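Single-structure report; data block below.
What you are looking at is a predicted structure, and each value in this text was computed from that prediction instead of being measured. All residue numbers refer to positions in the sequence shown, counting from 1.
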Amino acid sequence: MEPNDTPDQNTPCPGVTRRSFLADTGMGFTGLVLGSMLFRDGIAQAAPTKPGKPAAPKPKAAAEGGTHFPAKAKSVIWIFLCGGVSHVESFDVKPELNKYAGKSIADTPYKDVLDPKKVEANIIGGNPTHGGRKVIMPLQTGYKAYGQSGLVVGDWFKNIGECADDLAVVRSLWTIHNDHGAQLTFQTGRHPREGGYPTLGSWVSYGLGTLNENLPEYVVLGEPTGDCCGGAWTFGGGYLGPQYSGVRLALDPKAPLPYITPAGGTVTRDEQESSFSLLGRLNRLSGIDYPDDQQLRARIKAYELAFLMQSAVPETLQFEKESVETRKLYGLDQPATRAFGEQCLAARRMAERGVRFIQVFHGGGGGGSWDAHSDIKNNHTQLAAQVDLPIAGLLKDLKQRGMLKDTLVVWGTEFGRTPGAEGTGRDHHPQGFCAWMAGGGVKGGVTHGATDELGFHAVENRHYVTDLHATTLHLLGLDSHKLEIPGRKRLEMDHGKPITEIIA
């Protein structure tokens, strides 16, 4: 059959077009985990060809290679601690918990926080076993004020406290789920029962495109959320398509991904390049048999970027090129901090090389390591010792390199922990918790919003988690309302509103 021949559908055996053959065999590539790679038409092509049908209509910003309005940030480092960090002992310290320790909340001046109309006001389909912890637990760590701003920070995060004047702490967050599915909500804004929706990282990837065609636009470091609580959805592209999902990388320059091993043995680099080029051309032949198969498109394009990543990714992960002082800044010289320090250093090196969105997980798997239902003092002491120094090192390193001005760092967790005790621990607490931002156009040394004196409810300038999303997009020069996909109407809550009070 000639290349442009069309099979006669009336014959017993119409034959197989090259496109059909490629598509059908492509279905077997699933085991290579290529469906989650970030490849879009016109980017990282193996050969210059006419682009195929896009997975979704391009927003104006991406189509023109620009933004909706001037951007303050170029990249985002999104740090997420899985399990629920105690807000009342980190960045929203509540001394009143020491004053009324051991008393029932009902026996304090703040008994109105237990009003049933307030307690479950925001929770949709909540787990009834969580909540109702009424006997106040004292603070399990000390605290002090830092910097010219006087930001009060718990001793578990004393190194981050040294960066107080670069932080904008939002102390009035709330979310709609009181179990660990809220880890998914923090990334998508949607209730976990609704399933997989585009994450913030995928919207950034979709809206802005790439700054470096040799690296993914959206990278995932660390152990993500467990399958119980979102799994791959917490870094997925949802209805935007798999080409906008996050790419998981291992911090091993010799094997960061199983499918970017350089050519070797009987295959030369030129032969491998020719193979990828052929795939690129076949992928865009007219007469496509599966025009709407986003999974197939993502798998085929994965080979193209994988080839380009063969040298770019290992080079990015060569920490030995950093100075001794820099490696020490991140805690690479200490066993407790080395693993997470490498993630933070990798995040800086990726932002430096143009990766748009770097999602850094700590304590992932299952419900999350920070889920301190018992012995919270030991749990948070050990875990904070792993992340506090590296995160502070990241902030200091970005600042001394002049990168903090256009790199946005966000620190968060799915919810806080209860003011009341659960034995020796604290329970899940979605009614009020905190997060912070730094760099990338954010004011430093400020706090915004507040919870009540016990840290129970967000009571002042309350913000749903998508307001963090809206703020991030705004700082990147994107208007989320202009990222709408035809046929996918988003709620106003999905968009959120930028927290203008913390924007410089």
Side-chain angles (χ1 to χ4, degrees), residues 84-100 105 108-124 131 133 136 139 143 145-154 157 160-161 164-178 182 185-186 189 410-420 426 428-438 442-472 474-475 492-493 495-504:
V85 179
S86 172
H87 61 301
V88 298
E89 289 148 325
S90 57
F91 300 98
D92 187 18
V93 177
K94 297 297 180 180
E96 292 292 276
L97 298 181
N98 285 341
K99 183 176 180 179
Y100 294 101
I105 294 176
T108 73
Y110 313 117
K111 60 183 179 181
D112 62 328
V113 302
L114 297 176
D115 183 338
K117 294 180 180 179
K118 293 183 178 181
V119 173
E120 297 295 334
N122 304 324
I123 308 302
I124 300 174
R133 309 297 178 186
I136 294 176
L139 298 177
Y143 58 91
Y146 291 87
Q148 294 182 355
S149 61
L151 175 68
V152 176
V153 179
F157 299 98
I160 298 176
D165 292 336
D166 294 315
L167 306 183
V169 181
V170 180
R171 290 174 166 169
S172 52
L173 292 173
W174 60 275
T175 189
I176 56 177
H177 191 58
N178 65 356
T185 302
F186 199 94
V410 183
W411 178 98
T413 187
E414 66 260 41
F415 41 54
R417 313 300 304 186
T418 52
R426 298 189 188 276
H428 305 173
H429 196 77
Q431 292 93 341
F433 62 110
C434 64
W436 56 256
M437 294 180 155
V442 167
K443 293 178 182 177
V446 300
T447 59
H448 173 75
T451 52
D452 56 54
E453 290 85 348
L454 297 182
F456 207 106
H457 295 286
V459 295
E460 179 184 311
N461 294 317
R462 301 173 73 249
H463 293 284
Y464 182 57
V465 293
T466 50
D467 289 351
L468 292 179
H469 297 187
T471 306
T472 299
H474 179 86
L475 292 169
E492 191 59 32
M493 180 183 284
H495 292 286
K497 295 180 179 179
I499 307 173
T500 56
E501 293 87 345
I502 68 172
I503 297 175

(message) Please evaluate residues M437 and L468 with respect to the criterion side-chain contact (heavy atoms from CB on, under 4.5 Å), reporting the C-alpha separation (whole Å), side-chain torsions for both, the decisive distance (0.1 Å), and the verdict.
(response) CA-CA 9 Å; M437 294 180 155; L468 292 179; 4.0 Å; yes
Close side-chain approach of [X] to [Y], heavy-atom, < 4.5 Å:
X: Y143; Y: P95; value: yes
X: T471; Y: V170; value: no
X: V169; Y: L151; value: yes
X: V152; Y: Y146; value: no
X: H448; Y: N461; value: yes

Contacts of [X] that satisfy side-chain hydrogen bond (donor to acceptor under 3.5 Å, both in side chains) - sequence neighbours left out:
X: E96; result: Y110
X: E492; result: H481
X: S149; result: D165
X: Y100; result: none

Check side-chain contact (heavy atoms from CB on, under 4.5 Å) between [X] and all other residues, then give those that pass, not counting sequence neighbours.
X: K111; answer: none
X: T466; answer: Y464, H469, M493
X: D467; answer: H463, K497, I499
X: H474; answer: F69, P498, I503

(request) Would you give the length of the straight line joining atom CZ of F433 to atom OG of S86, rounded to the nearest 0.5 angstrom? (result) 12.5 Å
(message) Looking only at side-chain N and O atoms, does T108 offer a donor or acceptor that is under 3.5 Å from a partner on K99?
(response) no
Residue pair [X] / [Y]: nearest heavy atoms and the distance that separates them:
X: L97; Y: P419; result: CD2-CB, 3.8 Å
X: G412; Y: F186; result: CA-CZ, 3.9 Å
X: S172; Y: A458; result: O-CB, 3.4 Å
X: I502; Y: A168; result: CB-CB, 4.0 Å

(request) Could you check V153 against V93 for side-chain contact (heavy atoms from CB on, under 4.5 Å), going step by step and ending with a plain yes or no? (result) CA-CA 7 Å; V153 179; V93 177; 5.9 Å; no
(message) Restricting to salt bridge (charged side-chain N to carboxylate O under 4.0 Å, His left out), what partner residues turn up for E89, sequence neighbours left out?
(response) R426
(message) Quick check: F91 with W411 (ring centres under 6.0 Å apart)?
(response) yes
(request) Please lay out, stage by stage, how F157 and V85 fare under the test side-chain contact (heavy atoms from CB on, under 4.5 Å). (result) CA-CA 11 Å; F157 299 98; V85 179; 4.1 Å; yes
(request) Spell out, as yes or no, whether a donor-acceptor pair under 3.5 Å connects the side chain of H87 to the backbone of G455. (result) yes
(request) Could you tell me whether a side-chain N or O of R417 sits under 3.5 Å from a main-chain N or O of G84, the two making a donor and an acceptor? (result) yes
(request) With sequence neighbours left out, write down each residue that passes ring-ring contact (aromatic ring centres under 6.0 Å, His included) with F415, or none if nothing qualifies. (result) H180, H428
(message) Checking side chain to side chain contact (heavy atoms under 4.5 Å, CB included) between K94 and each of D452, T451, I136, which is the one that passes?
(response) T451
(message) Could you go through L475 and V442, starting from their C-alpha distance and side-chain angles, then the distance that decides it, and tell me whether this counts as side-chain contact (heavy atoms from CB on, under 4.5 Å)?
(response) CA-CA 8 Å; L475 292 169; V442 167; 3.6 Å; yes
